[in-house]
> 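Quick one: the structure is below, questions incoming.
One-based numbering along the sequence shown. Every number for a ligand or one of its atoms is a count from 1 in the order of the listing.
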Amino acid sequence: MEVPFLSLKNITDKYSAEIHQAVSEVIDSGWYLKGQVVEKFERHYAEFIGTKYCIGVANGLDALILILRAYKELGIMKDGDEVIVPSNTYIASILAISENGLVPVLVEPDIHTYEIDDSRIEEAITGRTKAVMIVHLYGRCAYTEKIGDICKKHNLKLIEDNAQAHGCRYGNKRTGSLGDAAGHSFYPGKNLGALGDGGAVTTDSGILADVVRKLANYGSGKKYVFEYKGRNSRLDEIQAAVLDVKLAHLDENNKRRAAIACSYIDGITNPEIILPDRPLAGNNVYHIFPIRCRQRDRLQEYLAEQGIQTLIHYPVPPHKQDAYKEWNERKYSVSEEIHATELSLPVSPVMTEEQTEYVIRKADKWK
Ligand SMILES: *Cc1c(COP(=O)(O)O)cnc(C)c1O
């Protein structure tokens, strides 16, 4: 049996008729940027996340860059200020901070949740700290009450990187509505994916939303009037049309991911494999199903021989990358442990029961 990690083709095929219809309407309308389809998607997405505002942008990295840039324009942050971010995140979270002339301060994750360790945030705060960027990594909610309290106590902005967790819940709220602003990515492989690049910023702050919207439009809110040295970062009408179709099916697809994850958690009993915990009340949308294993590379090879495709998220931590040479000598031992042992099993919403059972059986047989 073959189990691909993620078949984008199968996901698109599932909604093929609706997507073709929506895209055709845009093509036939003759209006491709800054139109009603983006506006409608922004309204639907804000409603879904539970924020007052949503601004569609070109991609997830831009969403995070624009949030921080807006805080700089508003005089809330300045060059050299510090932003706390987890050391094991996908590098884009950190790039958004550097790009703005701000200083990323890496804080280790918790070895059980893989999310930022909230007991280590306060010791990282200095006089220059202006924000905490939490990342709902692998689709699991990283927010804790403690993080909210720390941000209040030290007057820090709380920014969410929600690129991997569209639809994830925290109590009766959704991630992307828990802090001051959130960046979302609609890269094709994300839980809510476009057929190309896309992203969004969500926030309850009208002031922030206004500045982000202008910055993404050359710094302009009114034609030929430029308030900021902005950039061009747009979500286009065709991608918005696709996203609007897929948004309506997001919860059902996330439920399917969680069901597969629960089958793995109940089914895999191999003592060599460390499993993530069961999701509590929707607090995990399993963008990725991360297991850990001492002999990760051997396990990956064995699964590949059985036709099961797995990936590593991520093989090299940000502080060991050439892009951050200045950090190469530092030691983040929890991150390093995760990067050395993590393996992602397929958990796509188009996986069948047979494929799920097959993965469990094969994983259990390995030693
Ligand atoms: C995908 C991703 C991003 C970047 O999104 P793009 O749309 O690819 O620019 C940022 N942060 C995290 C955690 C991601 O997984």
Side-chain angles (χ1 to χ4, degrees), residues 5-6 8 41 45 49 54-69 83-100 102 104 106-107 109 113-116 131-143 158-168 175-176 178-179 181-202 212 216 231-236 239-240 242-243 246 254 257 284-290 311-319 321 323-324 335 338-339 342 344 347-348:
F5 187 75
L6 171 69
L8 288 176
F41 171 69
Y45 196 62
I49 294 293
C54 168
I55 302 106
V57 298
N59 55 64
L61 174 58
D62 271 9
L64 296 169
I65 288 175
L66 287 162
I67 291 167
L68 293 167
R69 176 73 195 281
V83 178
I84 289 171
V85 65
S87 52
N88 63 327
T89 184
Y90 179 62
I91 201 162
S93 328
I94 300 171
L95 292 175
I97 300 169
S98 309
E99 165 107 7
N100 274 293
L102 301 164
L106 307 186
V107 167
T113 65
Y114 312 131
E115 308 302 333
I116 193 167
V132 177
M133 184 186 288
I134 55 173
V135 181
H136 305 297
L137 198 71
Y138 304 153
R140 178 186 176 127
C141 179
Y143 178 85
L158 177 57
I159 299 166
E160 298 174 80
D161 179 341
N162 200 43
Q164 301 191 359
H166 325 84
C168 180
T175 57
L178 304 172
H184 308 255
S185 163
F186 305 126
Y187 176 83
K190 303 287 159 95
N191 287 34
L192 178 59
L195 304 184
D197 275 317
V201 171
T202 54
V212 167
R231 56 206 280 146
N232 173 4
S233 183
R234 299 192 271 239
L235 180 66
D236 67 70
Q239 297 308 334
V242 172
L243 289 166
K246 293 180 81 175
N254 282 342
R257 284 176 187 269
N284 197 332
V285 292
Y286 292 99
H287 173 58
I288 278 161
F289 188 88
L311 296 177
I312 296 167
H313 293 94
Y314 299 91
V316 180
H319 71 278
Q321 301 283 352
Y324 289 102
S335 282
I338 294 169
H339 286 81
E342 195 274 348
S344 306
V347 68
S348 100

> Among K246, H166, H287, which residue meets the side-chain hydrogen bond (donor to acceptor under 3.5 Å, both in side chains) test with N191?
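Result for side-chain hydrogen bond (donor to acceptor under 3.5 Å, both in side chains) with N191: H287.
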> Considering only heavy atoms from C-beta outward, does the side chain of H339 approach that of V316 to under 4.5 Å?
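No, too far: nothing below the 4.5 Å cut-off.
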> For the NE2 atom of H184 and the NE2 atom of H136, what is their distance to the nearest 0.5 Å?
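Output value for this atom pair is 8.5 Å.
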> Could you tell me, for ligand 1, which of its N or O atoms are under 3.5 Å from any protein N or O, listing the pairs and their distances rounded to 0.1 Å?
{"residue": "ligand 1", "atom": "5 (O)", "partner": "S185", "partner atom": "OG", "Å": "3.2"}
{"residue": "ligand 1", "atom": "7 (O)", "partner": "G60", "partner atom": "N", "Å": "2.8"}
{"residue": "ligand 1", "atom": "7 (O)", "partner": "S185", "partner atom": "OG", "Å": "2.6"}
{"residue": "ligand 1", "atom": "9 (O)", "partner": "G60", "partner atom": "N", "Å": "3.3"}
{"residue": "ligand 1", "atom": "9 (O)", "partner": "L61", "partner atom": "N", "Å": "2.9"}
{"residue": "ligand 1", "atom": "11 (N)", "partner": "D161", "partner atom": "OD1", "Å": "3.3"}
{"residue": "ligand 1", "atom": "11 (N)", "partner": "D161", "partner atom": "OD2", "Å": "2.7"}
{"residue": "ligand 1", "atom": "15 (O)", "partner": "Q164", "partner atom": "NE2", "Å": "2.8"}
{"residue": "ligand 1", "atom": "15 (O)", "partner": "K190", "partner atom": "NZ", "Å": "3.0"}

> Evaluate the side-chain proximity of E115 to I134: yes if any heavy-atom separation is below 4.5 Å, no if none is.
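Side chain of I134 against side chain of E115, heavy atoms only: no contact under 4.5 Å found.
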> Could you check whether any side-chain N or O of Q164 sits under 3.5 Å from a backbone N or O of L137, counting only pairs where one atom can act as donor and the other as acceptor?
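No; judged by distance alone, with no hydrogens or angles, the pair does not exist.
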> Taking atom OH of Y187 as the centre, report whether more than 12 heavy atoms of other residues, nucleotides or ligands fall under 6.0 Å from it.
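Open.
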